Amino acid sequence: EDQVTQSPEALRLQEGESSSLNCSYTVSGLRGLFWYRQDPGKGPEFLFTLYSAGEEKEKERLKATLTKKESFLHITAPKPEDSATYLCAVQAPNSGYALNFGKGTSLLVTP
Amino acid sequence: GAVVSQHPSRVICKSGTSVKIECRSLDFQATTMFWYRQFPKQSLMLMATSNEGSKATYEQGVEKDKFLINHASLTLSTLTVTSAHPEDSSFYICSARVSSGGRSYNEQFFGPGTRLTVL
């Protein structure tokens, strides 16, 4: 069974304190790995899609990387507005194009 | 990023009534849309996959006669919760998978969600 595990569940950082969020997955024949940001009471906001091991993508203070077993979301010098829940999802061949989500990492960045 | 709208954003209804939620991709075409529900402090759970011009595919445990899905065009899918009950109260979110329209193929964008409360 396909599984997606995100860690840590919650993370508290001071402004400017860089860190990484982890997404471990077990999927046969990964089609794609997706990262989203979700604010309370809102729909997820698309961040990145990664397709093959070794791939990296960047957007402002965020950088996503992918290996054959896990993905990391690196946050460099975070700001309070980066506080949100970050969701990782995988797309498997047997799921059509649907996404299987992890439980998310709740990030709080304090001034 | 690409825009997906949902309407209504919030609805309160009485038990036994039906509620229709619309999901539209505003600046791209989507042959496939998905419906998820999310309970407080939990992640998104896939309910069904909606394909334009064909019947929806439902996940195990989701009643297709209760959650009616119609994907009438490349930019519109609707979810109708029939005979709603309090246990159907949840946050319903749709997503649309890019098939054309100038965006990167296979990217998936989510709507803002619909908060359903059944009294």
Side-chain angles (χ1 to χ4, degrees), chain A residues 1-10 21 23-25 27 29-52 55 57 59-60 62 64 84-108, chain B residues 1-7 9-10 21 23-25 28 30-52 54-60 62 90-99 103-117:
Chain A
E1 183 180 321
D2 300 335
Q3 287 196 329
V4 183
T5 304
Q6 290 189 246
S7 62
E9 281 189 23
L21 313 182
C23 173
S24 298
Y25 64 91
V27 172
L30 179 74
R31 265 188 173 162
L33 186 139
F34 294 67
W35 282 99
Y36 291 88
R37 168 198 170 123
Q38 187 177 28
D39 293 299
K42 297 188 178 181
E45 175 189 342
F46 175 80
L47 294 175
F48 306 107
T49 307
L50 302 168
Y51 290 102
S52 56
E55 190 175 359
K57 288 190 177 176
K59 179 182 177 179
E60 296 179 355
L62 300 177
T85 295
Y86 290 85
L87 298 169
C88 168
V90 297
Q91 189 181 52
N94 61 354
S95 69
Y97 296 99
L99 301 181
N100 181 16
F101 281 86
K103 293 184 177 180
T105 293
S106 177
L107 174 65
L108 176 64
Chain B
V3 180
V4 176
S5 70
Q6 267 184 257
H7 178 79
S9 58
R10 188 179 295 267
I21 303 170
C23 176
R24 293 180 185 271
S25 57
F28 65 97
T31 54
T32 307
M33 292 184 174
F34 305 92
W35 288 95
Y36 296 82
R37 63 190 295 181
Q38 186 176 34
F39 292 105
K41 305 289 186 182
Q42 295 189 23
S43 194
L44 284 75
M45 295 299 295
L46 179 68
M47 297 176 64
T49 300
S50 168
N51 292 296
E52 188 266 338
S54 63
K55 290 184 178 180
T57 305
Y58 292 83
E59 294 301 296
Q60 195 170 12
V62 178
S90 188
F91 191 50
Y92 292 86
I93 315 175
C94 72
S95 74
R97 175 176 174 264
V98 176
S99 56
R103 306 273 177 195
S104 295
Y105 181 73
N106 197 39
E107 287 182 350
Q108 295 189 26
F109 298 92
F110 282 81
T114 296
R115 174 75 58 194
L116 172 63
T117 303

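Only this structure's heavy atoms are used, side chains among them; waters, hydrogens and symmetry mates stay out. Model, not experiment: these values are computed from the prediction. Numbered from 1 within each chain, the chains take letters A, B, ... in sequence-line order.
Scanning residues 36-46 of chain A against chain B with a 4.5 Å non-hydrogen threshold yields Tyr36(A), Gln38(A), Gly41(A), Lys42(A), Gly43(A), Pro44(A), Phe46(A), sorted by number.
Put simply, CG on Leu99(A) and CZ on Phe110(B) are 5.5 Å apart, with the number rounded to the nearest 0.5 Å.
For Lys57(A), the NZ atom sits in a packed shell: over 12 heavy atoms of surrounding residues, nucleotides or ligands are nearer than 6.0 Å.
With a threshold of 4.5 angstrom between heavy atoms, Gln38(B) approaches chain A through side-chain atoms but not through N, CA, C or O. For chain A, the nearby parts of Leu44(B) are the backbone and the side chain; heavy atoms of each come within less than 4.5 Å.
Phe101(A) and Ser43(B) get closest at one heavy-atom pair: CB-OG, 3.4 Å.
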